[in-house]
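One structure is given here, and the rest of the page talks about it.
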Amino acid sequence: MAAEEAKGKEKAAEKTKSYKPEEVTVDTASIKMMKKALAEGIDTIFDRAVTMKPCNIGVEGICCKNCSQGPCRLPLTKKIKDGLEEDNRKGICGATPETIAARNFARMVAAGAAAHSDHGRGVAETFLAMARKETHDYTIKDEQKLLEIAPDFDVAITVKEGDEEFPRDIWDIAVEVGEKALAEWGKQSGELYTIKRAPEATYENWKKLGVVPRGIDREIVEIMHRTHMGVDQDYRNILAQCSRAALGDGWGGSMIATDLQDVMFGTPYPIHGQINLGVLEMDKVNIIVHGHEPLLSEMIVAAAQSQEMIDYAKSKGANGIVLAGMCCTANEILMRHGMPIAGNYLQQELAIITGAVDAMVVDVQCIMENVANVADCYHTKLITTNPRARIASGHTIHIEFDEHHAYEIGQEIVKTAIDNFTNRRPEQPILIPNERETMVAGFSYEAVRYHLGGTFRGSYVPLNDNIINGRIRGIGGVVGCNNCRTVHDSAHLIVVKELLKNDVIVLTTGCNAMACGKAGLLTPEAARVFCGPGLAEVCETVGIPPVLHMGSCVDNSRILMAAAEVVKAGGLGKSIADLPAAGSAPEWMSEKAISIGHYFVASGVYTVFGVTLPVTGAPRFQHYLFDELEKLYGGMWDLIEDPYEHAAKMIAHIDKKRKALGIDK
Ligand code: NFS
Ligand code: SF4
């Protein structure tokens with residue numbers, strides 16, 4: 001009885017336990033908003049992170065709920081090590097820790113690849129509607145990009161008449177590219193068109209391993225089949241399927257999304273922008289677009305910039321409209337329009353807590369359900385827009401996106417926000433932190449080629465030369481989410497700064513890019529402050545930041561393309577696996593990150609994750625991922641929580657590759 005009572009008290013204490021803002025983030029704007037939330041008694045993810053701890057079996061990846069004889073929760077590895085010599089843990093059906101962890105891992109790959117690829121499918125559908133002139137709100141903004149990608153889909157860009165060749169009508173090209181791109185999802189056999197963009201040696205290795213994706217959807221469905229109760233029970237075979245699905249994401253679904261978005265909205269080139277909660281303005285209508293798909297946000301940008309809407313805002317007493325992004329939608333509208341970014345993943349509730357957000361517009365992915373409850377504490381309207389993603393909590397309104405009337409819907413959303421401006425509650429003080437940093441973003445792989453090329457025609461050769469001569473030690477791709485189980489932005493910044501200090505140039509996307517932006521790392525001036533002498537010299541000569549913002553998480557495909565270009569430029573080996581490069585996601589949390597991680601690994605990149613990785617409960621599977629994969633793919637996984645050690649191991653891998661290339665002198 002006494003024990004139970006004590007337990008009850010402990011639980012009650014847990015519930016009232018609070019967090020200290022300074023201990024959960026390194027971002028001062030966020031600290032201010034957390035203090036406001038605490039003072040106003042508003043529950044955020046930082047409170048819930050204290051009161052709800054993760055399940056220790058799930059953390060190790062060894063809980064299986066794939067049939068109703070379970071859930072089977074295997075004993076923790078720690079107990080095995082302490083007691084038994086041999087690991088004979090089994091689920092009810094006999095599933096080993098390896099099988100269970102591999103199935104769980106595979107389902108994360110499937111979900112992540114599905115999320116990216118379904119985004120891509122939506123883009124392809126809109127692209128085709130645009131090409132067929134069924135919608136007038138979108139057009140071909142970047143003809144050059146269309147002409148560049150068309151041959152990859154086996155689409156002719158010229159027509160022959162007799163002996164002469166003429167340029168083919170651009171709209172005919174667009175229709176055929178749209179049809180062929182969209183068909184990639186439902187393809188049953190053969191291989192994806194864009195897979196051949198990988199260096200030949202990388203592609204040949206996939207062929208040898210039998211992991212070339214046949215169709216984007218097919219590989220995802222096959223993961224779901226194989227991980228059903230009683231199907232694939234060999235972790236190595238399950239992992240091969242993970243490679244097919246993940247490669248179908250990185251070199252397929254995500255890459256097609258990036259390609260077609262670039263054609264419709266323009267390929268990004270370096271552009272200035274501003275970031276952090278200080279981009280919101282007291283006397284203006286503040287709209288935050290949060291989520292991932294630029295199809296809608298492009299229209300909201302256009303609507304918010306229209307004179308009609310600006311005048312309407314003025315008629316309601318506002319001094320204009322601020323449209324700011326959050327999460328990857330933010331990266332999309334920053335890269336193409338220089339629109340400001342309010343913050344990254346862990347700042348979504350905090351933005352509303354300013355009291356200044358008149359509407360938060362969301363589509364898909366990374367939207368915490370609790371934003372609906374936080375919005376209800378203020379005048380903020382939360383607007384869902386995608387039929388795939390509604391929110392039952394709170395007083396959410398739904399204005400559904402439809403590509404056939406996209407601009408009209410964008411206008412309706414902006415108008416809803418403006419109408420809400422007058423509902424701000426005088427009894428609720430507005431507090432907008434003054435943090436707002438300047439940054440340069442927009443480094444598509446085409447822009448990198450152009451900027452580092454330094455001549456009339458862009459090329460990756462100068463970059464390679466600088467890697468070969470050692471001014472640049474290597475390339476680090478640092479990407480991914482925030483995670484409430486780590487200190488917000490802290491690991492991102494430590495890993496990136498450690499790399500820069502050691503002359504490793506950093507390519508970034510997603511929420512890491514925003515962490516870097518807020519910390520001033522996305523400016524050319526950062527080179528002198530943070531880089532080793534070699535990298536600083538290169539950046540200062542070319543006038544680029546040492547951290548190149550390449551876009552959203554779907555745009556990790558741009559990093560793949562940059563890697564392929566570096567291989568093509570010569571002097572650094574034959575495949576991506578030969579490059580002095582490493583990948584990292586120091587604060588990952590989403591299943592998309594696992595899909596991305598795995599397509600980098602399968603493409604030949606040593607990829608380190610922070611926080612946790614739910615494979616630690618299955619030692620043999622973990623060993624397979626962390627060691628044996630290197631022999632197959634050239635790339636492998638790793639998990640290192642400490643950000644300094646995390647960066648150090650990336651650098652050690654880069655040095656290993658330099659040595660193998662004979663450029664370590
Ligand atoms: Ni990427 Fe973008 Fe951020 Fe993580 Fe979410 S916003 S797609 S998943 S949390 S980086
Ligand atoms: Fe348990 Fe096997 Fe069912 Fe999983 S599939 S819940 S391990 S019996």
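Keep in mind it's a predicted model, so treat the numbers as computed, not measured. Indexing begins at 1, ligand by ligand and atom by atom, following the structure's order.
Just one of Ser595, Ser603, Cys242 meets the side-chain contact (heavy atoms from CB on, under 4.5 Å) condition when paired with Leu247; it is Ser603. Under the ring pair (Phe, Tyr, Trp, His ring centres under 6.0 Å) test applied with Trp637, the options Tyr599, Phe105, Tyr606 reduce to a single match, Phe105.
For Ile100 against Cys64, the heavy-atom pair with the smallest separation is CG2-CB, 3.7 Å. Looking at every heavy atom in both residues, Gly517 comes nearest to Met439 through CA-SD, 4.3 Å.
Listed by number with element, the atoms of ligand 2 under 4.0 angstrom from any heavy atom of Met229 are 5 (S). The distance from ligand 1 to the heavy atoms of Ser590 drops below 4.0 Å at these ligand atoms: 8 (S). Against a heavy-atom cut-off of under 4.0 Å, Cys366 is close to the following atoms of ligand 1: 5 (Fe), 6 (S), 8 (S), 9 (S). Residue contact check: Lys592 has heavy atoms under 4.0 Å from atoms 7 (S), 8 (S) of ligand 1. Contact atoms of ligand 1 toward Met589: 9 (S) (distance under 4.0 Å to a heavy atom of the residue). When each atom of ligand 1 is checked for a heavy atom of Cys553 under 4.0 Å away, the hits are 1 (Ni), 2 (Fe), 7 (S), 10 (S). Here is the list of ligand 2 atoms found below 4.0 Å of a heavy atom in Gly70: 6 (S). For ligand 1 and Cys327, the ligand atoms under 4.0 Å from any heavy atom of the residue are 6 (S). Of all the atoms in ligand 1, the ones that sit under 4.0 Å from a non-hydrogen atom of Gly480 are 10 (S).
With respect to the salt-bridge test (charged N to carboxylate O, under 4.0 angstrom), the residues Arg226 and Asp234 do not qualify. A salt bridge links Lys32 with Glu435; the closest basic N to acidic carboxylate O contact falls under 4.0 Å. Salt bridge Arg103/Asp232: absent, no basic N to carboxylate O contact under 4.0 Å. Under 4.0 Å is where a charged nitrogen must lie from a carboxylate oxygen, and between Arg336 and Asp262 at least one such pair does. Using a 4.0 Å cut-off between charged side-chain N and carboxylate O, Lys518 and Glu437 make no salt bridge.
Residue contacts with ligand 2 for Arg103 involve side-chain atoms from C-beta outward but no N, CA, C or O (heavy atoms, distance under 4.0 Å).
Looking from atom 3 (Fe) of ligand 2 to the surrounding protein, the closest heavy atom is Cys67 SG, 2.3 Å. What sits closest to atom 1 (Fe) of ligand 2 on the protein, heavy atoms only, is Cys72 SG, 2.3 Å. Nearest protein heavy-atom neighbour of atom 7 (S) of ligand 1: His292 NE2, 2.8 Å. For atom 4 (Fe) of ligand 2, the nearest protein heavy atom (residue, atom name, distance) is Cys64 SG, 2.3 Å. Ranking the protein heavy atoms by distance from atom 4 (Fe) of ligand 1 puts Cys481 SG, 2.5 Å first. The protein atom (non-hydrogen) at minimum distance from atom 3 (Fe) of ligand 1 is Cys511 SG, 2.3 Å.
When distances to atom 2 (Fe) of ligand 2 are checked against a cut-off of 2.8 Å, Cys93 contributes an N, O or S atom below that limit.
Between Tyr19 and Phe46, the ring planes are tilted. Angles from 30° to 60° get that label.
Looking at Ile341 and Gln274, their side chains never come closer than 4.5 Å, going by heavy atoms from C-beta outward.
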